[in-house]
Amino acid sequence: MVRRAWLSPVGVLRYPDPPSFRRRIVGHNLASVRRHGKFIFIDLDGAGDHGSVPASELLAIHLGMTGRLSLDDPEAVPPPHTHLRLLLSSGAELRLQDYRRFGRVVLGSLEELRAHRVLPVLGPEPFNGALTQRQFDAVLRRSRRPLKALLLDQSRLAGLGNIYADEACFRAGIRPTAVAAKLTPERRRRLLRAIDDTLASATERRGSSVDDYRDGFGEKGRNQEVLLVYGRAGLPCPRCHGTLVRTVVAGRTTVYCPRCQR
DNA sequence: ACCTACCTGGCC
DNA sequence: GGCCAGGTAGGT
C-alpha cells in the first residue's frame, strides 16, 4: 500500500494535479504491473475495500530517454533528479529518477486518461508472438512512409525505439528508408522475425546501456556489447565488412549497411 | 516530411 | 560555445 506520495516541484507528473494525485494514490495498493510498448502500467486497487469494486485506476509511467524506476531504502538520500517517491507499506520506496524529464507519469482510469489526451493510443507489439504475420503485414501495407518511420510510430506498432529499429532493419537486410508498403511478403516475414530476435536479444541481456541506461536494480545491461549497427557508423559491417553509413530517417540518427540492406 | 520544443549533461 | 543523445508532441 502507498503510505505517502512525494512529487518534485518540476516533476514528470502530467496528470492529474499533484494534490489529486496524492489523494488518489495514497492508501491504495499497487496491485499488478504490466507493460505495453514503452509504457509501464501499475493497477491500483482500493486497500481495505475487501472484495468491493476495484478502483480501476492505474498509474502509467513512460521512462522517456533517461527515466529510472527503483525500489530503495526510504532512508537513503534520493539521487538528484528524483521526481516521484512512493513510500510503500512493505518498507521500500518506489522512486522515479529522470534527469532530462522526458518521462511522464499519469494517474487515472483508462477512459479518463484518454479523454484528457494524456495517454496516447498504442499500436500492437510486433514481438513475443503478440502480433500475427497477417496483422503485421496489414500495418506495413497501409503505410507509404519510410519503414523506420513506421517502426518508430508507437500508434502503429508499440515498443521499438531508435536502437532496435536500426538493429531490426539490419537483421532483416532491409534499408530503413525502404517504403513500408512496398516490402514483399518474404521481406515482411524476415522483418517480423528480425524484430523478435532483436528484442529477445535485448531483453535477455537486460537492455542496451549505450549511455546511462540502468535496469530497475541499477545494473547496466549487456546488449550494447552485441549491437550490430547502432552507434557504429564508419565501422565495418559485421556481415560484409563494408563501411556502415550514418543518415537521418524520421528525424533520427540512423545507421545501416548499404551493401547488406536494400 | 520537416521543423521546434521540451530537458540535462557529456564531449569537442 | 555548439553539437549530440535512448522519446514524443505540436505545428506547418
Side-chain angles (χ1 to χ4, degrees), chain A residues 7-15 35-40 60-69 78-84 96-106 113-123 125 127 142-170 175-182 195 198-199 201-203 205-216 218-234 245-256:
Chain A
L7 293 158
S8 81
V10 283
V12 290
L13 179 70
R14 304 296 175 99
Y15 183 89
R35 179 196 58 71
H36 186 85
K38 301 177 187 176
F39 274 89
I40 297 164
I61 299 172
H62 190 301
L63 299 177
M65 299 262 253
T66 53
R68 262 188 225 182
L69 278 175
H81 308 291
T82 297
H83 297 298
L84 172 64
L96 175 63
Q97 231 191 309
D98 185 7
Y99 73 83
R100 284 179 77 181
R101 277 186 271 146
F102 287 168
R104 58 204 50 213
V105 173
V106 298
L113 298 177
R114 291 276 155 71
H116 287 265
R117 276 177 290 208
V118 290
L119 190 64
V121 175
L122 299 173
E125 301 191 334
F127 46 88
R142 259 186 275 127
S143 173
R144 272 144 293 144
R145 300 153 79 191
L147 173 61
K148 182 166 171 181
L150 179 62
L151 295 180
L152 292 175
D153 183 346
Q154 304 296 304
S155 71
R156 305 302 208 125
L157 300 168
L160 287 174
N162 200 35
I163 296 178
Y164 303 131
D166 275 8
E167 294 293 300
C169 286
F170 176 77
R175 288 206 189 187
T177 49
V179 176
K182 288 190 179 172
I195 291 171
T198 296
L199 290 166
S201 166
T203 50
R205 294 180 175 80
R206 304 198 59 81
S208 302
S209 296
V210 163
D211 194 359
D212 46 18
Y213 172 77
R214 298 294 183 274
D215 71 13
E219 302 288 331
K220 277 190 180 192
R222 288 175 292 109
N223 197 62
Q224 68 282 3
E225 296 162 15
V226 297
L227 292 175
L228 301 168
V229 291
Y230 179 85
R232 304 185 55 80
V245 166
R246 177 197 190 273
T247 180
V248 173
V249 181
R252 313 298 302 281
T253 289
T254 298
V255 184
Y256 70 99

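Numbers restart at 1 for each chain; the letters A, B, ... are given by sequence-line order, proteins then strands. Hydrogens, waters and symmetry mates play no part in the numbers below; they use all other heavy atoms, side chains included. Note that the coordinates shown come from a computational prediction; the quantities given were computed from them, not determined experimentally.
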Exercise. When you compare dA1(B) with dG6(C), how far apart are their C1' atoms, in angstrom units rounded to a whole number?
Worked result: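 Rounded to whole Å, the distance is 23 Å.
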
For this session: Using the P atoms only, state how far dC4(C) lies from dC3(B), rounded to an integer number of Å.
Result: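 Going atom to atom, P in each nucleotide, I get 13 Å.
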
For this session: Output all residues satisfying ring-ring contact (aromatic ring centres under 6.0 Å, His included) with Y230(A), sequence neighbours left out; order by chain, then residue number.
Result: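 ring-ring contact (aromatic ring centres under 6.0 Å, His included) list for Y230(A), sorted by chain: empty.
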
Exercise. So which one's nearest nucleotide on DNA chain C is more toward 5', R246(A) or Q154(A)?
Worked result: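 Between the two, 5'-proximity favours R246(A).
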
Atom pair distance, as rounded to whole Å: [atom1] in [X] and [atom2] in [N]:
X: F39(A); N: dA9(C); atom1: CZ; atom2: C1'; result: 12 Å
X: L160(A); N: dG7(C); atom1: CG; atom2: P; result: 10 Å
X: K38(A); N: dG6(C); atom1: NZ; atom2: P; result: 10 Å
X: Y99(A); N: dC4(C); atom1: OH; atom2: C1'; result: 11 Å
X: R100(A); N: dA5(C); atom1: CZ; atom2: P; result: 10 Å
X: I163(A); N: dG7(C); atom1: CD1; atom2: P; result: 7 Å
X: D166(A); N: dG7(C); atom1: CG; atom2: P; result: 10 Å
X: R14(A); N: dG10(C); atom1: CZ; atom2: P; result: 10 Å

Can you find a heavy atom in the side chain of [X] that is under 4.5 Å from one in the side chain of [Y]?
X: Y164(A); Y: N223(A); value: yes
X: E125(A); Y: R35(A); value: yes
X: L69(A); Y: L84(A); value: no

For this session: Determine whether more than 12 heavy atoms belonging to other residues, nucleotides or ligands lie under 6.0 Å from atom CZ of R14(A).
Result: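 Counting other residues, nucleotides and ligands, CZ of R14(A) exceeds 12 neighbours.
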
Exercise. Would the number of heavy atoms belonging to other residues, nucleotides or ligands and lying under 6.0 Å from NZ of K220(A) be above 12?
Worked result: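 It does not: K220(A) NZ has 12 such atoms or fewer within range.
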
Exercise. dG6(C), dA5(C), dA9(C): which one has an atom nearest the side-chain heavy atoms of N162(A)?
Worked result: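 In terms of side-chain proximity for N162(A), the closest of dG6(C), dA5(C), dA9(C) is dG6(C).
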
Over all strands shown, is [X] touching base, sugar-phosphate only, or nothing at heavy-atom distances under 4.0 angstrom?
X: D212(A); result: base
X: Y164(A); result: nothing
X: T66(A); result: nothing

For this session: In sequence, state the C-alpha distance, the side-chain angles, and the governing distance for I163(A) and T198(A), and then conclude on side-chain contact (heavy atoms from CB on, under 4.5 Å).
Result: CA-CA 10 Å; I163(A) 296 178; T198(A) 296; over 6 Å; no

Exercise. 5' to 3' on DNA chain B, which nucleotides open and close the contacts with chain A (atom under 4.0 Å from a heavy atom)?
Worked result: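 Reading along DNA chain B, I get dA1(B) to dG9(B).
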
Problem set entry | Upstream residue (5' side of DNA chain B) when R144(A) and H81(A) are each assigned their closest nucleotide |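 Whichever sits nearer the 5' end wins; that is R144(A).
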
Exercise. Are OP1 or OP2 of dG6(C) and a side-chain N or O of R252(A) less than 4.0 angstrom apart?
Worked result: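 True: R252(A) side-chain N/O within range (under 4.0 Å) of dG6(C) OP1/OP2.
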
Exercise. Phosphate oxygens OP1/OP2 of dT8(C): is one of them under 4.0 Å from a side-chain N or O of H62(A)?
Worked result: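 H62(A) to dT8(C) OP1/OP2: side-chain N or O found under 4.0 Å.
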
Problem set entry | Complementary nucleotide for dC7(B) - Watson-Crick or wobble, under 3.5 Å |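 Looking at the geometry, dC7(B) pairs with no nucleotide.
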
Exercise. Parallel, tilted or perpendicular: which fits the ring planes of F39(A) and H62(A), with parallel below 30° and perpendicular above 60°?
Worked result: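 Rings of F39(A) and H62(A): perpendicular, as their planes differ by over 60°.
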
